[in-house]
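Predicted model only: the values in this text are computed from it and were never measured. Chain identifiers are assigned alphabetically (A, B, ...) following the order of the sequence lines, protein sequences preceding nucleic acid strands; residue numbering begins at 1 within each chain. Quick note: numbers below take in every heavy atom, side chains included, and nothing from hydrogens, waters or symmetry partners.
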Amino acid sequence: MARAAGSAGFPRAARLLLPGDFARVFAVRRSAASGPLVLYACPALSAAQPARLGLSVSSRIGNAVVRNRWKRRLREAFRQVRARAALPHGNDFVIVVRSGAVPAGAAGARQVEEMICDLAARVVARPAYAAAAAATRQGTAPQPTTEPPRRRR
RNA sequence: GGAGCGGACCGGAUGAUCGCCGGCCGGCGGAUGCUGCGGCGUCAUAAGACGCCGCGAUGACGCUGGCGGGAGGAAAGUCCGGGCUCCGUAGGGUGCGAUGGUGGGUAACGCCCACCGGCCGCGAGGCCAGGGAAAGUGCCACAGAAAAUAGACCGCCUGCGGGGUUCGCCCCGCAGGUAAGGGUGAAACGGUGAGGUAAGAGCUCACCAGCAGGCCGGGUGACCGGUCUGGCUCGGUAAACCCCAUCGGGAGCAAGGCCAAGCAGGAAGAAGUUCGAUCCAGCCGUCGCCUCGGCACGGCUUGUUUCGGCACGAAACGGCCCGUUUCGUUACCCCCUUCCGGGUCGGCUGCUGGAGGCGCCGGGCAACCGGCGUCCUAGAGAAAUGGUCGUCACCCACGGGCCUUUGCCGGCCCGUGGGAACAAAACCCGGCUUACAGGUCCGCUCCAGUC
RNA sequence: CGCGGGGUGGAGCAGCCCGGUAGCUCGCGAGGCUCAUAACCUCGAUGUCGCAGGUUCGAAUCCUGUCCCCGCCA
């Protein structure tokens with residue numbers, strides 16, 4: 001099991017790494033957007049599990065340096081927020097980057113942290129999300145995990 | 001001092017703290033499998049419980065501590081070349097593609113070095129797809145008479161006819177000669193001089209330029225120098241087709257190997273029988289043997305087994321042909337081929353020590369090669385090398401002070417504010433190309449000044 | 001990783017193979033027709049042919065390099 005949520009570390013277990021994880025999060029279709037970021041959320045299989053993060057930065061954003069800069073900035077911000085226990089447990093998040101400019105410096109880092117907290121709180125607070133969470137935890141509706149994400153075609 | 005040419009190199013340093021990736025060394029827990037990890041099933045849900053399978057005392061797994069390591073000169077673009085892996089093998093011709101002075105370097109190259117030739121620059125130097133146009137085909141707009149086996153628009157000359165005349169000749173037409181002169185064009189079929197002619201013309205001659213061939217000398221060679229002969233002169237374009245020479249089998253680490261898990265199969269298909277050998281079977285024969293049913297030997301075949309040859313079909317063989325190899329050829333099944341469909345996309349490995357870096361010596365003009373010594377320097381995988389706060393160094397702007405100067409310029413110090421590029425390994429190397437803040441060093445050229 | 005296509009007035013496309021004049025439709029501007037608008041008629045303007053270099057007398061076209069956009073395969 002992963003270590004306690006109060007820890008400041010950011011182990012691999014706190015990351016979304018498999019294509020299936022991403023597909024499940026996108027299939028739930030619960031998102032909020034603010035500025036350059038879009039945050040997708042999905043109830044995890046166990047509600048006590050600490051929050052997990054996945055990143056999606058397309059090549060449209062910039063070259064490899066810019067994309068890596070975004071990912072590091074977001075991982076660091078997520079780590080800080082997670083250490084303060086400011087994120088609701090039992091959720092998986094995927095953050096999609098929409099625009100190119102990376103916020104720099106300490107002020108930029110704080111800004112990103114606030115943005116993540118705000119977006120996560122907004123998505124999780126919705127009534128529809130609570131219903132989805134209940135359905136997932138019941139185990140009666142595990143369809144989003146197996147359903148392919150490209151339904152809009 | 002100014003302007004410039006060629007080459008080599010650096011790509012911030014350091015500290016605190018919090019993180020990430022992988023390596024090594026520990027500590028604690030840890031089973032006659034009830035406690036760990038992975039998977040499956042059932043039940044349930046807040047973490048879970050139970051069962052089964054596999055792994056784990058060579059220590060799995062969890063927690064935790066320490067040590068040392070962690071992007072580039074282009075890691076980039078993916079434009080070439082190789083290693084490596086698989087395609088059972090990597091053959092000949094043709095096609096296709098690439099390359100294109102010569103010699104060398106190299107694992108190899110479209111790369112590098114040296115040299116040759118051409119062009120540019122006062123020079124240091126720079127650039128060049130730089131084989132063949134007398135093997136063939138095509139094209140050369142507009143202008144111009146004519147644009148490629150040359151060609152008569154004006155002009156010049158001769159002859160004939162007509163007309164005019166100041167009797168010198170002039171004008172018009174026709175036929176012919178002529179490439180000297182005109183003008184066009186990117187390009188007009190050698191140049192100068194003399195002879196020659198009705199006028200002219202390489203028509204002839206001398207010299208020069210250029211072409212082809214022979215010989216001599218130098219060089220490994222590209223080529224250079226000299227000499228003789230020839231026809232007297234030959235347009236450009238091959239980054240137009242083409243010819244010649246050389247090279248190239250295909251795919252790519254998502255290659256390939258192992259483990260786990262999972263699923264579902266279906267449809268269609270062409271081509272043989274003649275010959276040789278052989279096994280079995282049957283029939284016939286034999287002054288053969290004998291326990292009278294067989295054995296032995298020989299021959300035959302509408303049969304039959306296997307092999308070979310030939311023929312046909314398919315594949316290896318992703319252009320085609322030949323050749324080679326494999327499989328198949330009465331029907332069904334199997335096999336083979338083609339088409340459609342289904343499942344997986346998890347883990348381990350390949351995975352980093354190599355055509356490797358540095359130093360010295362030797363060979364070579366050099367690229368590079370050889371020897372010796374020494375060093376170990378990233379291995380991620382939704383993809384690690386980062387965040388924050390300082391200090392120092394660098395650059396820019398502004399302000400102030402000092403030095404220098406007639407002044408501008410310039411130099412040093414302090415303060416404030418800002419900036420700090422291009423860009424991140426993805427199997428590994430050798431190159432090429434492109435991007436790049438700022439800076440360092442070496443060699444050389446030209447111009448000006450001083451001694 | 002491997003491969004293919006494209007970049008031409010404001011928009012969408014021809015022209016490129018086989019070099020010499022950049023054209024079509026819509027749009028835009030002016031004028032006409034109409035009481036007026038649309039439609040229609042006449043006229044007109046607008047092009048570094050993505051960029052750089054080369055071959056050629058001459059390049060949108062041929063060659064090389066480079067930048068950007070779109071797509072395909074596993």
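On a pure distance criterion of 3.5 Å, no polar donor-acceptor pair joins the side chain of A:N63 and the base of B:rA423.
A distance of about 16 Å separates the P atoms of B:rG318 and B:rG91, rounded to the whole Å. For the C1' atoms, the distance linking B:rU433 with B:rC339 amounts to 47 Å, nearest Å. For the P atoms, the distance from B:rG72 to B:rG12 is 10 Å, rounded to whole Å. One C1' atom belongs to B:rG110, the other to B:rU78, and the distance between them is 15 Å to the nearest Å. B:rU338 sits 40 Å from B:rG381 when the P atoms are compared, rounded to a whole Å. The C1' atoms of B:rG371 and B:rU391 are separated by 50 Å, rounded to the nearest whole Å.
Looking at which nucleotide of RNA chain B each of A:K71 and A:A64 is closest to, the 5′-most match is held by A:K71. RNA chain B is contacted by both A:L55 and A:Q80; A:Q80 maps to the nucleotide lying nearer its 5′ end (nearest heavy atom per residue).
When rounded to the nearest whole Å, the span between CZ of A:R69 and P of B:rA384 equals 14 Å. Following rounding to the nearest Å, A:L53 (CG) and B:rA384 (P) show an atom-to-atom distance of 13 Å. Whole-Å rounding puts the A:R52 CZ to B:rA382 C1' distance at 13 Å. At whole-Å resolution of the value, OH in A:Y40 and P in B:rA382 are 21 Å apart. We find that CD of A:Q111 is positioned 16 Å from C1' of B:rG387, with the value rounded to whole Å. Residue A:D92 contributes atom CG, which lies 14 Å from atom C1' of B:rA382 at whole-angstrom precision. Between A:N68 atom CG and B:rA380 atom C1' the separation is 11 Å, expressed in whole Å. In this entry the distance linking CZ of A:R75 with C1' of B:rU385 reads 11 Å, nearest Å.
Heavy atoms of A:A109 sit nowhere under 4.0 angstrom from any nucleic acid atom.
B:rG202 shows a glycosidic angle within 90° of 0 and is accordingly assigned syn. Base orientation of B:rG73: syn (glycosidic angle within 90° of 0). Within 90° of 0 lies the glycosidic angle of B:rG168, which makes this nucleotide syn. In B:rA71 the base sits syn relative to the sugar, since the glycosidic angle is no further than 90° from 0. For B:rU377, the base is syn relative to its sugar; the glycosidic angle is within 90° of 0.
Not one N or O on the side chain of A:R67 forms a donor-acceptor pair closer than 3.5 Å with the backbone of A:S58. The closest donor-acceptor contact from the side chain of A:R98 to the backbone of A:G35 lies under 3.5 Å.
Here C:rC70 is the nucleotide among C:rC70, B:rA382, B:rC18 with the atom lying nearest to any side-chain atom of A:R60. In the set B:rA382, B:rC389, B:rG19, the nucleotide with an atom closest to the side chain of A:L17 is B:rA382. Nearest nucleotide to the side chain of A:E76, out of B:rG387, B:rA382, B:rA424: B:rG387. Of the candidate nucleotides B:rA71, B:rA425, B:rA423, B:rA71 has the atom nearest to the side chain of A:R72.
Here the side chains of A:P36 and A:W70 are in contact, with some heavy-atom distance below 4.5 Å. A 4.5 Å side-chain heavy-atom check between A:L37 and A:V97 finds at least one atom pair inside the cut-off.
The stretch residues 102-120 of chain A participates, sequence neighbours left out, in these salt bridge (charged side-chain N to carboxylate O under 4.0 Å, His left out) pairs: A:R84-A:E113, A:D118-A:R122.
Phosphate proximity of B:rU388 to A:R73: present, with a side-chain N or O under 4.0 Å from OP1 or OP2.
For A:F93, there are no ring pair (Phe, Tyr, Trp, His ring centres under 6.0 Å) partners two or more places apart in sequence or in a different chain.
Exactly one residue among A:V57, A:L55, A:L119, A:V112 makes a side-chain contact (heavy atoms from CB on, under 4.5 Å) with A:I95. That residue is A:L55.
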